[in-house]
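Heads up: the structure comes next, in structure tokens.
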Amino acid sequence: LDALGALTYLPDRIIAVDTGSRDSTPAMLADALGGHAVTSQPKRTGFGAAIQAGLDYADKLGVDGQSWQQRTEWIWLLHDDCAPAPDALLRLLETAVRRPDAAVIGPKVRGWRDERQLLEVGLTMTGGGRRHTGLEKLEYDQGQHDTTREALAVGSAGMLVRRDVWEELGGFDRNLAIFRDDIDFGWRANLAGHSVLVCPAAVVQHAEAAAQGRRRLGATRDRTHLVDRRNAIYVALANAPARRWLLTLVRMILGAIGRGVGFLLGKQPALAAEEIFAVLSVLVRPDKIIRARVQRSRMRKVDPAELKPFFPSASQQVRNTIETVLAVVTGSGNGHDLPLRRRAVTDPDSEDDEPVADDAWWLRALLKPPVLLV
């Protein structure tokens with residue numbers, strides 16, 4: 001809210017969607033934005049469904065007597081744990097003016113506590129379903145990625161979307177309540193012939209509270225790793241080209257088995273079980289995959305082969321796989337797309353996203369590679 005108040009260019013309207021908060025959040029939103037700007041949804045509402053609820057609510061209120069069909073309208077998506085820079089929206093809209101073909105524009109995302117650390121400058125996905133940023137671990141922002149470019153997808157924290165494109169694509173896939181919905185949306189937008197851009201001049205800081213395990217997921221009762229892997233498999237199978245679909249399926253199954261074995265070697269049986277269960281939970285509902293592929297085929301205007309430059313190279317994927325295997329075996333937890341060690345949450349109903357206590361110092365010392373080697 002402080003970041004919104006500091007914006008140099010304000011949106012025409014701000015709508016806050018509260019999903020079942022039990023603390024003072026609704027009152028804080030009403031005090032800051034006005035009661036008319038806040039709408040409430042059930043706790044289990046997914047992010048995409050919450051966005052659509054906010055849009056429907058805004059349409060009922062109306063803006064200058066015009067509907068979104070009568071003008072070019074942009075939607076700016078913000079998470080409750082992200083803070084845009086004062087000029088973030090202005091830079092995104094400037095990019096929209098320079099690139100009239102742009103339908104989705106995303107900012108450069110930095111860390112919450114260390115604003116020098118880069119988290120995202122565009123997104124893609126590997127053949128094994130891993131979320132790929134193209135960044136090194138703990139890479140700092142020194143302007144090395146400050147070029148506006150096209151990408152497969154951008155993160156939903158700070159994403160700017162043209163309203164007509166949002167409606168054309170049906171918004172975020174409702175089968176993805178949280179995680180991977182942004183990659184799926186960008187992938188579908190590209191296949192529909194729209195441009196997805198990264199605007200590094202616009203900066204957003206993101207705490208990634210849910211992904212980092214600092215609070216429980218509200219949209220689902222499942223664990224973070226299970227939700228992420230299940231959604232990754234769904235997105236890959238729903239968007240893969242028909243000629244590579246069977247290969248993608250086999251790769252997902254073998255990848256889950258391989259990762260499960262790796263987690264067992266790393267003495268993380270719960271994560272190993274979640275890898276296998278993620279695959280099974282997708283395969284037992286082939287109707288969802290079929291419906292998703294039919295919907296995407298109706299909107300497809302671009303040959304999937306044209307999107308190949310947006311995906312990481314084979315050499316990069318091999319490198320990431322090696323790093324992940326080493327991280328699992330050594331227990332360091334620093335591999336690409338590797339979940340953090342589970343950390344306790346003091347209060348399941350708390351909205352506080354402060355970091356919880358990490359493993360004890362003696363456990364961290366015992367898990368260091370030199371100690372394990374000895």
Side-chain angles (χ1 to χ4, degrees), residues 1-7 9-84 88-90 92-93 96 103-107 154-179 181-182 184-186 188-189 204 206 209-210 215 217-220 295 349 351 353:
L1 290 174
D2 291 340
L4 287 177
L7 290 174
Y9 186 93
L10 288 172
D12 295 326
R13 171 156 291 174
I14 299 177
I15 299 295
V17 184
D18 179 76
T19 54
S21 296
R22 298 181 181 178
D23 57 6
S24 60
T25 297
M28 291 173 59
L29 293 172
D31 289 341
L33 306 176
H36 63 282
V38 182
T39 179
S40 298
Q41 295 295 314
K43 185 177 181 62
R44 298 298 173 190
T45 305
F47 186 57
I51 296 169
Q52 191 59 55
L55 293 174
D56 295 339
Y57 181 72
D59 289 341
K60 290 181 180 179
L61 297 178
V63 179
D64 299 331
Q66 287 184 323
S67 65
W68 63 268
Q69 295 95 338
Q70 297 172 300
R71 63 178 186 172
T72 301
E73 185 172 279
W74 291 88
I75 311 167
W76 194 28
L77 311 182
L78 293 173
H79 295 193
D80 64 343
D81 62 342
C82 76
L89 179 58
L90 179 62
L92 291 170
L93 291 173
V104 182
I105 308 173
V154 294
S156 56
M159 176 192 292
L160 189 71
V161 187
R162 215 169 64 217
R163 178 69 182 270
D164 61 316
V165 175
W166 175 270
E167 298 292 342
E168 174 190 339
L169 299 178
F172 286 172
D173 192 321
R174 297 302 175 87
N175 289 317
L176 305 171
I178 187 173
F179 299 147
D181 45 6
D182 43 15
D184 176 74
F185 185 77
R188 288 189 286 130
V204 169
H206 193 195
R215 67 180 178 196
L217 303 181
T220 176
Q295 293 172 353
D349 298 324
E351 301 293 335
D353 65 348

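Any value given below was found using the heavy atoms of this structure, including those in side chains, with hydrogens, waters and symmetry copies removed. It should be emphasised that the depicted structure is a prediction, and the values quoted were computed from it without experimental measurement. If you read the sequence from its start, that first residue is 1, and numbering goes on from there.
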Return the minimal non-hydrogen interatomic distance between [X] and [Y], and the atom names on each side.
X      : Y      : answer
Asp182 : Gly155 : OD2-CA, 3.5 Å
Ala58  : Ile15  : CB-CG1, 4.0 Å
Ile75  : Leu77  : CG2-CD2, 3.5 Å
Asp18  : Pro26  : OD2-CG, 3.7 Å
Pro42  : Thr19  : O-CB, 3.7 Å
Ala177 : Ala219 : CB-CB, 4.0 Å

4.5 Å side-chain heavy-atom contact, [X] and [Y]:
X      : Y      : answer
Leu78  : Leu4   : yes
Leu92  : Trp74  : no
Pro11  : Leu89  : yes
Ser156 : Phe172 : yes

Gap between atom [atom2] of [Y] and atom [atom1] of [X] - 0.5 Å precision:
X      : Y      : atom1 : atom2 : answer
Arg188 : Gln295 : CZ    : CD    : 8.0 Å
Leu1   : Leu33  : CG    : CG    : 5.5 Å
Leu93  : Ile105 : CG    : CD1   : 7.5 Å
Thr45  : Ile178 : OG1   : CD1   : 12.0 Å
Ile51  : Gln41  : CD1   : CD    : 12.0 Å
Leu55  : Glu167 : CG    : CD    : 7.0 Å

Is the closest basic N to carboxylate O distance between Lys60 and Asp56 below 4.0 Å? no
Check whether any side-chain N or O of [X] sits under 3.5 Å from a backbone N or O of [Y] as a donor-acceptor pair, and report yes or no.
X     : Y      : value
Trp76 : Gly158 : yes
Tyr57 : His36  : yes
Arg44 : Gly218 : yes

Whether His79 and His206 hold their rings parallel, tilted or perpendicular, with breakpoints at 30° and 60°: perpendicular
With Leu29 as partner, the option from Thr39, Val38, Ile14, Val17 fulfilling side-chain contact (heavy atoms from CB on, under 4.5 Å) is Val38
